[in-house]
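Below, chain A is the first sequence line, B the second, and so on; all start at residue 1.
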Amino acid sequence: MTEPTMTEPANPLSVDVAVIGGGPAGLSAAIELKRRGIGQVVVFDRDVEAGGVPRHCGHPPFGLREFGRLLTGPAYARRLVRHALQAGVEIRLNHAVVALHPEGHLELATPDGRIAVRAKRVLLATGIRETPRSARLVTGTRPVGVINTGALQAYVHLQGMIPFRRPVIVGTELVSLSAIATCLTHGMRPVAMVEARSRPTARWPLALLPHLVGIPVHYRTEIAAIDGDGRVESVILQKQDGERTTLACDGVLFTGGFVPEASLVRLSHLTLDAHSGGPRIDQFGRCSDSLYYAAGNLLRAVETAGWSFREGRRIAGYIADDLQGSLAKAERLIPIVPGRDIKLAVPQQIALPGLLAGARTIELRVEEASTGHLDVSSNGRTLLRKPLSALPERRILLDLKALGLLDDATEIRVEMRP
Amino acid sequence: MLQPTPFDVAIIGGGVVGCAVARHLTLAGAKVVLLEKATDILSGASKGNSAILHTGFDAPPGSLELACMQEGYQEYIDIRTRLRLPILETGAVVVAWNDDEAGRLDQIEQTARNNGISDVRRLDRNELQAREPHLSAQALGGLLVPREHLIDPWSAPLAYMLQALANGAEIRRSTELLSGQFDGRDWRLATSTGELAATTVVNCAGLYGDIVDERLTGQTHFTIKPRKGQFVVFDKAAARLLGTIILPVPSERTKGIVLTPTIFGNLLVGPTAEEQDERDRAGVDTATLESLKQKAEAILPALAGMPVTAIYAGLRPATERKEYRVRHDVEQHLITIGGIRSTGLTAALGLARHVGRLWASSNAHTPLADPVWPEAPMLAEHEERDWTRPGYGEIICHCEMVTRRELEAALDGPLPAGDIGGLKRRTRAGMGRCQGFNCSARLASLTEGRFPVPLAVGHCHD
Ligand SMILES: Cc1cc2nc3c(=O)[nH]c(=O)nc-3n(C[C@H](O)[C@H](O)[C@H](O)COP(=O)(O)OP(=O)(O)OC[C@H]3O[C@@H](n4cnc5c(N)ncnc54)[C@H](O)[C@@H]3O)c2cc1C
Ligand SMILES: Cc1cc2nc3c(=O)[nH]c(=O)nc-3n(C[C@H](O)[C@H](O)[C@H](O)COP(=O)(O)OP(=O)(O)OC[C@H]3O[C@@H](n4cnc5c(N)ncnc54)[C@H](O)[C@@H]3O)c2cc1C
């Protein structure tokens with residue numbers, strides 16, 4: 001493939017840390033970096049405003065742990081931005097990073113033309129998005145009215161518009177429930193909720209919401225087809241036993257199925273982890289190129305804003321250590337390999353020295369509901385075995401300390417066993 | 001009652017063929033009107049194809065199809081810089097995956113040479129691997145066709161139509177031809193938006209070619225048998241895995257499933273060939289899309305795990321016979337360009353020249369001395385896109401890097417987008433990996449009040 005002809009700007013902008021993405025993770029990281037005395041910390045966000053996804057989540061709960069109060073998404077986002085500016089963080093909006101290169105060299109698009117940035121360290125915090133209809137390979141015509149929750153929230157909270165009146169909601173994650181709330185408070189009445197699994201993905205008692213407001217939930221059911229010429233007119237629902245019904249509706253909302261917004265990583269020299277869909281990191285959030293770090297939902301789908309905020313702050317601490325000369329270079333890397341039933345492990349590798357100097361836990365998720373024992377082994381030797389009953393989309397934390405010193409480990413295997 | 005002066009030519013259908021014919025006849029000096037029943041051009045067969053500019057290496061020797069493809073190919077090369085139309089010079093390889101197919105390469109090479117494509121060349125297994133290192137090791141070898149290239153399937157016809165309009169043609173969208181009366185000199189055409197008169201009618205109605213002939217003359221000489229092709233588009237990260245169009249050894253019925261880069265920087269697999277009765281609806285289905293994905297992974301194993309960006313389907317205006325169904329009824333001033341099945345993107349400019357010759361044989365005309373050359377939107381990934389130039393305002397669609405300036409241009413001018421599909425084809429907004437997760441609400445607000453099927457159904461008060 002021919003590369004676009006790059007008209008290189010003459011003087012790259014030099015910064016200490018370039019933070020890509022001004023969501024909760026990126027902003028909290030930037031604040032922490034300033035607190036640690038790092039000089040020029042610049043957050044680049046491609047959007048017209050900073051704050052990330054919470055900007056268009058017009059509902060609580062946000063901010064309880066960060067700010068000690070319950071905020072709506074937009075209020076939370078504004079507060080984050082204010083704190084960042086007060087801390088001396090520079091936020092550049094309408095700055096889309098379009099390519100990552102070695103040596104902290106970034107290419108950006110701005111409304112005033114392209115710019116190049118040279119950063120001593122880069123923090124990637126580009127967040128997540130939901131899986132659209134296309135990537136789910138759903139049968140049918142391709143009418144108007146098939147969208148994701150992120151888009152729904154933006155219609156309602158940023159544009160004051162509604163994309164449909166009687167949608168079918170696909171999925172029962174937390175975000176699916178927030179979609180119901182958004183619909184009901186803005187003149188949309190979901191006609192049904194559809195879930196391929198046999199139980200809701202979101203936790204009780206939140207999962208009761210659709211029942212409370214009288215929206216039928218169909219478990220073990222999938223959308224077999226979407227129909228409509230201009231706009232969605234109906235969907236065909238199919239139960240696992242093959243039974244089909246047609247349901248009239250004027251929209252389909254595909255919720256959740258979050259994936260890291262890792263396109264920049266995928267197109268760069270950095271290593272991508274096929275399991276999480278995000279960049280491969282060690283316990284310090286360091287990527288395969290040690291000038292690059294990553295935090296927030298980009299690492300894995302999906303965590304809360306609060307978690308992303310804390311993760312950003314923690315990883316910013318390691319970046320500051322690194323710039324101030326107190327973070328050890330990795331001499332040896334022990335990969336963490338997800339085995340049976342394990343969907344992902346983050347970090348994907350442990351750097352030595354510094355076993356317990358970074359994240360003290362490994363975050364795991366299961367593919368499907370799984371009950372049995374979590375088995376952690378190294379070179380055939382069991383390091384840890386504990387009973388576990390796990391559900392999809394829920395975080396499982398594995399204490400690193402419990403694994404011993406790992407001095408002779410060449411890999412750590414994590415799997416579910418009966 | 002005073003009759004308005006009839007148009008010299010009325011073209012029925014704003015697919016790639018109709019747009020090319022409108023351009024050619026306008027430049028030849030005709031007063032042209034194009035009628036399109038949909039809210040925008042390119043709403044039929046031309047909506048979804050593989051976007052390959054074919055050399056005609058495998059076309060039936062001596063056919064009108066081959067002649068039009070070759071003439072069309074050459075004209076595209078000749079005019080593309082002035083219309084600012086891109087080309088991605090990839091070449092294609094017809095790959096043999098088993099001994100039987102390898103045995104048929106000789107025949108294909110022979111046909112190519114007979115068709116005047118003398119630069120084709122055999123690649124043995126090693127040469128093929130050297131050219132495409134990610135290709136499955138199962139590939140036995142192939143035939144390289146160096147001048148099979150990729151173009152922008154929507155900006156090209158749009159540019160043809162824009163040039164027609166800039167030089168005096170008219171377009172009536174949301175205007176369906178219902179019937180016609182020929183009075184021995186002119187046609188009186190009844191449409192869904194009123195009557196008009198034209199001396200000659202060119203039927204470029206694609207999937208409705210037979211129906212339009214019937215509406216005009218009460219009879220038809222062919223029957224459209226729509227043939228669907230489904231596609232899967234992979235993420236842009238896949239593009240670096242492949243530089244050449246990978247063609248299968250073709251069968252009688254279809255050119256087979258292709259794995260190809262696109263001019264937009266993605267990787268595409270498809271199309272299938274599925275007969276159906278419906279002329280309008282091109283649905284996709286999970287099982288077929290899955291099998292296309294698997295097929296792509298078999299050809300290019302490194303594609304495993306690559307995210308899917310988009311899925312779509314197109315309908316070929318096939319007929320009961322393989323060849324183009326082109327017919328000139330000199331008496332009735334009617335030219336039918338029917339059954340332009342699977343090579344129309346390439347052949348359109350050639351077909352337009354063919355129509356030009358048929359029309360000129362019985363109509364005096366003076367070609368425009370100094371026609372206007374408007375520029376098409378540049379959407380090719382390997383060219384300078386709008387976002388690389390200052391002053392674009394804002395990037396609205398981040399996956400495809402579509403600027404507000406581009407969107408505003410596409411909603412303005414002589415041929416503004418008539419529906420969301422038309423806006424996507426003119427800008428690529430919403431066609432990227434997030435499929436509107438980020439931008440569809442902005443698009444809803446930017447296009448408010450413009451489209452018959454709006455993105456938003458109403459307002460709310462937050
Ligand atoms: C619909 C929805 C509802 C949610 N509801 C809740 C809730 O009620 N409570 C809760 O705690 N959490 C909720 N979440 C999750 C929460 O929003 C995320 O956990 C949090 O936003 C993650 O923060 P982040 O900083 O990792 O990423 P994001 O908030 O996604 O921020 C990423 C930022 O990166 C920018 N960016 C991306 N690519 C580039 C680039 N190439 N160049 C420059 N900038 C770039 C984006 O513009 C964006 O501002 C919800 C999420 C969604 C989608
Ligand atoms: C899957 C697939 C892959 C392909 N790949 C390639 C390729 O790689 N390279 C290539 O060169 N070609 C390719 N083609 C072929 C190419 O797309 C077609 O040959 C071409 O689009 C046909 O264009 P058309 O203008 O004849 O028909 P259409 O695009 O169908 O245009 C006809 C127009 O007429 C309008 N119309 C119909 N009835 C009326 C009426 N009564 N009044 C007014 N308007 C009317 C319709 O709305 C439509 O817009 C492919 C096709 C398909 C389907």
Practice item. Could you give me the CA-CA distance, side-chain angles and deciding distance for B:Cys460 and A:Met161, then say whether side-chain contact (heavy atoms from CB on, under 4.5 Å) is met? Key: CA-CA 5 Å; B:Cys460 62; A:Met161 299 176 116; 6.0 Å; no

Review point. Please walk me through it: do A:Arg129 and B:Arg433 pass side-chain contact (heavy atoms from CB on, under 4.5 Å)?
Key: CA-CA 10 Å; A:Arg129 61 186 146 84; B:Arg433 48 176 79 87; 3.2 Å; yes

Practice item. Go through A:Val98 and B:His398 one step at a time and tell me if the side-chain contact (heavy atoms from CB on, under 4.5 Å) criterion holds. Key: CA-CA 10 Å; A:Val98 296; B:His398 287 285; over 6 Å; no

Review point. Given the rule in the side-chain contact (heavy atoms from CB on, under 4.5 Å) test, do A:Asn94 and B:Glu394 qualify, once you have shown the distances and angles that lead to the verdict?
Key: CA-CA 7 Å; A:Asn94 277 313; B:Glu394 208 186 307; 3.6 Å; yes

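Not a single donor-acceptor pair under 3.5 Å links the side chain of A:Ser134 to the backbone N or O of B:Ile311. Put simply, the side chain of A:Arg165 gets close to the backbone of B:Val457: a donor and an acceptor are under 3.5 Å apart. At least one donor-acceptor pair under 3.5 Å links the side chain of A:Thr139 to the backbone N or O of B:Thr286.
In this structure, chain A has heavy atoms under 4.5 Å from both the backbone and the side chain of B:Glu290. Neither the backbone nor the side chain of B:Asp419 comes within less than 4.5 Å of any heavy atom in chain A. Residue B:Thr90: no heavy atom, backbone or side chain, is found under 4.5 Å from chain A. Contact annotation for A:Ile128: only backbone heavy atoms (N, CA, C, O) come within less than 4.5 Å of a heavy atom of chain B. Looking at B:Ile420, the atoms closer than 4.5 Å to chain A (heavy atoms on both sides) all sit in the side chain, from C-beta outward. B:Pro452 does not touch chain A: none of its heavy atoms, backbone or side chain, sits under 4.5 Å away. If you measure heavy-atom distances from B:Arg442 to chain A, the contacts under 4.5 Å come from both the backbone and the side chain. Of the atoms belonging to A:Val138, it is backbone heavy atoms, and not side-chain ones, that fall under 4.5 Å from chain B. With a 4.5 angstrom heavy-atom cutoff, A:Ala154 touches chain B via backbone and side-chain atoms both. The part of A:Ser268 that comes within reach of chain B is its backbone (N, CA, C, O), which places non-hydrogen atoms under 4.5 angstrom from that chain. Contact of B:Arg281 with chain A is made through the side chain alone, with heavy-atom distances under 4.5 Å. Heavy atoms of B:Asp280 lying under 4.5 Å from chain A are absent altogether.
Nearest heavy atom pair, residue A:Gln159 against residue B:Ala441, reads CG-O, 3.4 Å. Closest heavy-atom contact between A:Tyr155 and B:Ala444: CE2-CB, 3.3 Å. The shortest non-hydrogen separation linking A:Ala151 to B:Gly436 is CB-O, 3.7 Å. Here the closest non-hydrogen pair linking A:Ala109 and B:Met401 is CB-CE, 3.9 Å.
In this structure the side chain of B:Lys236 never reaches within 4.5 angstrom of the side chain of A:Ser263, judged on heavy atoms. Contact check for A:Ile162 versus B:His459: no side-chain heavy atoms found under the 4.5 Å cut-off. Proximity of A:Arg133 to B:Val284: side-chain heavy atoms (C-beta onward) are separated by under 4.5 Å at one or more points.
Atom CD of B:Glu132 has more than 12 heavy atoms from other residues, nucleotides or ligands within 6.0 Å.
Looking only at heavy-atom pairs under 4.5 Å with chain B, the residue among A:Asp229, A:Val48, A:Ile147 that has the most is A:Asp229. By number of non-hydrogen pairs under 4.5 angstrom with chain A, the leading residue of B:Ala380, B:Ala237, B:Gly458, B:Ala282 is B:Gly458. When each of B:Ser445, B:Ala287, B:Ala310 is checked for heavy-atom pairs under 4.5 Å with chain A, B:Ser445 comes out on top. Ranked by non-hydrogen atom pairs under 4.5 Å with chain B, the options A:Ala96, A:Pro143, A:Ala224, A:Pro163 are led by A:Pro163. Contact count versus chain B (heavy atoms, under 4.5 Å) is highest, among A:Arg136, A:Gln153, A:His56, A:Arg231, for A:Arg231. For chain A, the option among B:Gln230, B:Gln435, B:Glu448 with the highest count of heavy-atom pairs below 4.5 Å is B:Gln435.
Atom OG1 in A:Thr110 sits 5.5 Å away from atom OH in B:Tyr392 (nearest 0.5 Å). The distance from the CZ atom of B:Phe437 to the CZ atom of A:Phe254 is 15.0 Å, given to the nearest 0.5 Å. To the nearest 0.5 Å, the span separating CD on B:Glu278 from OG1 on A:Thr141 amounts to 9.5 Å. Rounded to the nearest 0.5 Å, atoms CG (B:Asp235) and CZ (A:Arg266) are 6.0 Å apart.
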